[in-house]
Amino acid sequence: MFTGIITGMGRIAAVQSLGDTPAHGKRLVIETPAGYLDDVGLGDSIALNGACMTVTTFDKSTHTFTVDISAESLDKTSGLAQTGPINLEKALQAHDRLGGHLVSGHVDGLGRVTHFAPLGESWELRIHAPAELARYVAYKGSITVNGVSLTVNQVRDQADGCELSINLIPHTVENTALGVLAADSLVNLEIDLIARYVGRMMDRPAPSA
């Protein structure tokens, strides 16, 4: 489990193929801030742009670690198949503060940035969410965008989903990889865990007496 509070900004330094067919995945080499790996061990979970991955190797002297990502995961996520900045979050520990909201690290779908620009002292980020996720997006509700726990400030329903609006404070833009987003960027979305279960209960018919 995670909280959506980014614990470090990293960088995908290399993407290595695990085979020569589309069914094969990739090995990612991730560069981290100095000291980030001090409490990390083999098999630990670290979320990359909101997708939970397993540490397969690490080197504290070079501040790097690797993960193996399947072709299926690559197909269902964005930003993990090429080099560039990435949001990192270590798995939640029992004694940690829950600063964001409960996040599973399982990407529910891809959103598309429709607008990202300064607005007063902050930044406005608008994202189109597909129809299968739109029903779970609510005003003042929580949503995870590339691993960052954010609050929805506005929802506009559309025929093919919805457009949600989020205000980002300068700290968030400067200390996460969200600052590199632009119109038409694809982002990883994870809906609120509670909303997922409420939706399931409402969809399932009550058992007959």
CA sep, side-chain torsions, deciding dist, call: Arg11, Ile86, side chain to side chain contact (heavy atoms under 4.5 Å, CB included):
CA-CA 5 Å; Arg11 179 178 177 273; Ile86 195 166; 5.7 Å; no
Whether Glu190 side chain and Ser104 backbone form a donor-acceptor pair below 3.5 Å
yes
Minimum heavy-atom distance Ala134-Gly161, with the two atoms named
CB-C, 3.7 Å
Could you state the interatomic distance from CG (Asp108) to CD1 (Ile191), rounded to the nearest 0.5 Å?
4.5 Å
Pairwise distance CZ(Arg27) to CD(Gln16) - rounded to 0.5 angstrom:
6.5 Å
Is the side chain of Asn188 donor-acceptor paired with the backbone N or O of Asn49 at a distance under 3.5 Å, no angle test?
yes
Please report the closest heavy-atom contact between Pro85 and Val180, naming both atoms and the distance.
CG-CG1, 4.0 Å
Is the closest side-chain heavy-atom distance between Asp184 and Arg112 below 4.5 Å?
yes
Can you see which heavy atom on Thr83 is nearest to which on Val15, and at what distance?
N-CG2, 4.2 Å
Check for me whether Lys60 meets the cation-pi criterion with Tyr36, that is, NZ or CZ under 6.0 Å from the six-membered ring centre and within 45 degrees of the ring axis.
no
Separation of Phe65 CZ from Leu42 CG (nearest 0.5 Å):
12.0 Å
N/O donor-acceptor pair under 3.5 Å between Thr64 side chain and Ile30 backbone:
no
Got Ser122 and Leu168 here, is their nearest side-chain heavy-atom distance under 4.5 Å?
no
Looking at Glu163 and Thr114, what are the two nearest heavy atoms and their distance?
OE2-OG1, 2.7 Å
Where do Asn167 and Asn153 land on the side chain to side chain donor-acceptor pair (under 3.5 Å) test, with the steps shown first?
CA-CA 7 Å; Asn167 280 88; Asn153 288 334; 2.9 Å; yes
If we only count heavy atoms from C-beta on, is the Asp20 to His24 side-chain gap below 4.5 Å?
yes
Can you confirm whether the side chains of Arg156 and Gln154 place a donor and an acceptor under 3.5 Å from each other?
yes
Please round to the nearest 0.5 Å and tell me the distance separating atom OG1 of Thr32 and atom CG of Asp59.
10.0 Å
Does the side chain to side chain donor-acceptor pair (under 3.5 Å) test come out yes or no for Ser149 and Thr144, once each step is laid out?
CA-CA 5 Å; Ser149 172; Thr144 308; 5.6 Å; no
Any idea which heavy atoms bring Leu193 and Met1 closest together, and the distance?
CD2-CE, 4.2 Å
To the nearest 0.5 angstrom, please state how far the CG atom of Asn87 sits from the CE atom of Met9.
6.5 Å
Tell me if a side-chain donor or acceptor on Thr56 pairs with a main-chain N or O of Thr66 at a distance below 3.5 Å.
yes
same_hphob_cluster(Val113, Val148) at 4.5 Å side-chain heavy-atom cutoff
yes
Test log, rule side chain to side chain contact (heavy atoms under 4.5 Å, CB included), inputs Phe2 and Leu92:
CA-CA 5 Å; Phe2 303 89; Leu92 178 68; 5.6 Å; no
Side chains of Thr3 and Glu89: does their closest heavy-atom pair fall under 4.5 Å?
yes
Assess whether a salt bridge exists between Asp68 and Lys26, defined as any Lys/Arg side-chain N lying under 4.0 Å from an Asp/Glu carboxylate O.
no
Roughly how far, to the nearest 0.5 Å, is the NE2 atom of His101 from the CD1 atom of Ile5?
9.5 Å
If you define the side chain from C-beta out and look only at heavy atoms, does anything of Lys90 sit under 4.5 Å from Asp39?
yes
Surrounding CD1 of Ile194 (heavy atoms of other residues, nucleotides or ligands, distance under 6.0 Å), is the total greater than 12?
no
Is Glu124 close to Ser165 at the side-chain level, that is, under 4.5 Å between some pair of heavy atoms?
yes
In the single-linkage hydrophobic clustering (I, L, V, M, F, W, Y; side-chain heavy atoms under 4.5 Å), do Leu186 and Leu28 co-cluster?
no
Determine, using the 4.5 Å side-chain heavy-atom cutoff (strictly less than), whether Leu48 and Leu150 are members of one ILVMFWY cluster.
no
State, yes or no, whether a side-chain contact exists between Ile143 and Val145 at a heavy-atom distance under 4.5 Å.
yes
Donor-acceptor contact below 3.5 Å, side chain Thr77 vs main chain Ser73:
yes
If you take all heavy atoms of Val155 and Tyr139, which pair is closest and at what distance?
CG2-N, 3.9 Å
Leu181-Ile12 co-clustered via ILVMFWY side chain contacts under 4.5 Å:
no
Any donor-acceptor pair under 3.5 Å linking the side chain of Asn175 with the backbone of Thr172?
no
Quick check: is Leu189 connected to Leu125 through a chain of hydrophobic side chains (ILVMFWY, heavy atoms under 4.5 Å apart)?
yes
Given Met53 and Ile69, is the side chain to side chain contact (heavy atoms under 4.5 Å, CB included) satisfied, shown in steps?
CA-CA 7 Å; Met53 297 293 160; Ile69 179 170; 3.5 Å; yes
Flag the pair Ile127 / Val187 as yes when at least one side-chain heavy-atom distance between them is below 4.5 Å, and no otherwise.
yes
Under a 4.0 Å threshold between the charged nitrogen and the carboxylate oxygen, would Arg135 count as salt-bridged to Asp203?
yes
